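Order of listing sets the numbers, starting from 1, for every ligand and every atom in it. Values below: every heavy atom of this structure, side chains too, minus hydrogens, waters and symmetry copies. Computed from a predicted model, the values in this text were never measured in an experiment.
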Amino acid sequence: MAQQQNNDENAAVSHRRYTIGASGFDAPVLQPGLHVVATPIGNLRDVTIRALETLAAADVIACEDTRHTRRLLDHYGIRARCVSYHEHNAAARRPELLKRLEEGEAVALVSDAGTPLISDPGYKLVEDVIEAGFTVIPVPGASALLSALVMAGLPTDSFFFAGFLPHKQGARKNRIAELAGIPGTLVFYEAPGRLAASLADMADVLGDRPAAYARELTKRFETVERATLNELAANLANGAAPKGEIVILVGPPDQAAGEADMSDAAFSDRLLALIAEHGVSRAAQMLALETGLRRKDVYARALALQSDADNGA
Ligand code: SAM
């Protein structure tokens with residue numbers, strides 16, 4: 001272990017100190033810069049040693065909610081200086097944090113749960129820190145999206161994190177349609193009260209794909225439901241909304257079904273319409289994205305259709 005265990009009574013008053021159970025440790029001095037620190041998504045033990053060292057040694061911790069972060073800090077005996085950094089005060093707080101970096105300080109950024117910037121505040125701060133020429137240091141750890149992905153039983157070789165969907169049904173369905181052709185597993189964050197409606201809209205727009213939702217990850221009532229979109233939506237249609245925090249995952253479009261569709265009149269009509277408007281190459285690219293088919297296959301079909309049209313077929 002990089003840090004040295006130190007049971008010396010005097011060390012209890014030193015800065016940069018953290019405890020795990022009854023053991024106390026001194027954290028090494030941090031390099032100046034913005035340290036983006038992942039914290040647990042439920043289970044307080046899901047924190048890395050480096051995250052504890054960073055939180056213990058930072059000159060200041062910018063927290064989404066200081067009271068929330070205090071629970072983690074208290075659990076590990078960390079007496080750090082915290083300031084709030086959330087969507088309502090971010091613009092006002094950024095200059096102050098940048099000034100600290102200018103003075104050579106180490107600033108830690110945390111959110112209430114998981115990895116900052118992942119559907120959480122921090123992107124603009126990182127952008128400004130880079131722009132101002134300071135260092136950004138990631139301290140990786142928990143994130144609900146990866147935990148859900150590895151337990152869902154859906155393909156993991158390629159996935160797309162779509163964050164939260166719009167609340168209004170029209171906008172939500174449009175967004176789902178935009179994602180329909182992505183050839184990978186789709187991952188969404190969702191509030192429990194909107195889970196049933198979102199699953200029903202996904203089933204409507206995407207068809208009956210394999211899917212899952214994971215609830216209360218790393219916590220006492222962690223569960224996962226795996227079924228098709230229609231089944232998941234139907235199971236929730238008349239019941240009470242599940243409680244807790246939720247990640248929805250939807251399997252990729254079925255390539256085999258898509259290939260069969262290539263010969264459909266509707267597919268050809270759509271492709272011809274796109275060719276007329278955008279030309280062969282762009283049309284193939286657009287329809288490949290829409291359907292999840294391979295671009296080179298759609299391109300070959302587009303060329304064949306174009307040639308038929310040129311020959312008056
Ligand atoms: N930054 C966090 C991360 O890295 O996962 C996400 C923050 S976002 C504001 C909160 C959403 O993440 C929740 O609404 C839920 O969709 C998901 N989430 C966070 N913790 C979770 C958990 N323990 N179980 C399931 N979903 C969780």
Side-chain angles (χ1 to χ4, degrees), residues 34-48 50-51 54-55 61-69 71-72 75 82 84-90 108-127 136-154 156 159-167 172 175-176 179 185-202 211-226 229 232-233 236 241-250:
L34 180 72
H35 299 250
V36 182
V37 184
T39 59
I41 56 169
N43 188 327
L44 286 186
R45 294 173 69 83
D46 290 334
V47 65
T48 68
R50 192 163 155 238
T54 306
L55 297 176
I61 306 176
C63 312
E64 192 180 357
D65 178 342
T66 53
R67 283 163 309 172
H68 191 98
T69 300
R71 284 202 283 276
L72 176 72
H75 187 81
C82 293
S84 67
Y85 183 84
H86 48 69
E87 57 176 323
H88 303 296
N89 72 357
L109 173 71
V110 299
S111 60
D112 283 353
T115 302
L117 279 77
I118 306 300
S119 290
D120 263 342
Y123 170 69
K124 190 73 182 75
L125 178 61
V126 166
E127 201 184 25
V136 178
I137 304 114
V139 183
S143 186
L145 89 96
L146 287 184
S147 301
L149 187 66
V150 299
M151 83 186 302
L154 294 167
T156 54
F159 63 89
F160 185 90
F161 174 60
F164 287 97
L165 285 168
H167 296 183
R172 183 164 62 220
R175 177 65 181 141
I176 296 168
L179 304 170
T185 294
L186 303 175
V187 186
F188 302 90
Y189 286 165
E190 191 51 285
R194 281 189 288 274
L195 175 64
S198 285
L199 286 169
D201 287 349
M202 288 174 190
Y213 66 85
R215 205 175 61 83
E216 293 289 89
L217 289 160
T218 78
K219 303 188 206 175
R220 185 158 166 222
F221 297 108
E222 176 180 282
T223 55
V224 62
E225 300 291 333
R226 305 180 185 94
L229 278 173
L232 291 176
L236 290 171
K243 293 197 169 67
E245 302 197 273
I246 287 163
V247 182
I248 304 176
L249 307 103
V250 183

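- Looking at ligand 1, you'll find an N or O of Asp120 within less than 3.5 Å of one of its N or O atoms.
- The shortest N/O to N/O separation between Thr218 and ligand 1 does not fall below 3.5 Å.
- Atom OH of Tyr123 sits in a sparse spot, with 12 or fewer heavy atoms from other residues, nucleotides or ligands closer than 6.0 Å.
- With a heavy-atom cut-off of 4.0 Å, Ala113 touches ligand 1 through its backbone alone.
- Ligand 1 has no N or O atom lying under 3.5 Å from any N or O atom of Ala142, backbone or side chain.
- Considering only non-hydrogen atoms, atom 14 (O) of ligand 1 lies nearest to Phe164 out of Phe164, Tyr189, Phe161.
- For the pair Ile118 and ligand 1, the shortest N or O to N or O distance falls below 3.5 Å.
- Heavy-atom proximity to Thr115, at under 4.0 Å, picks out these atoms of ligand 1: 1 (N), 3 (C), 4 (O).
- Heavy-atom neighbours of Lys219 NZ from other residues, nucleotides or ligands within 6.0 Å: above the threshold of 12.
- Applying the 4.0 Å criterion to heavy atoms of Glu190 picks out, from ligand 1, the atoms 16 (O).
- Of all protein heavy atoms, the one closest to atom 15 (C) of ligand 1 is Ile246 O, 3.4 Å.
- At least one N or O atom of Leu217 sits closer than 3.5 Å to an N or O atom of ligand 1.
- With Asp65 contributing its side chain and Asp112 its backbone, the two residues share no donor-acceptor pair below 3.5 Å.
- Contacts between Lys219 and ligand 1, counted as non-hydrogen atom pairs separated by less than 4.0 Å, involve the side chain only.
- Checking Gly122, Ala144, Ser143, Gly114 against atom 18 (N) of ligand 1, the nearest heavy atom belongs to Ala144.
- Residue contact annotation: Phe188 has no non-hydrogen atom under 4.0 Å from ligand 1.
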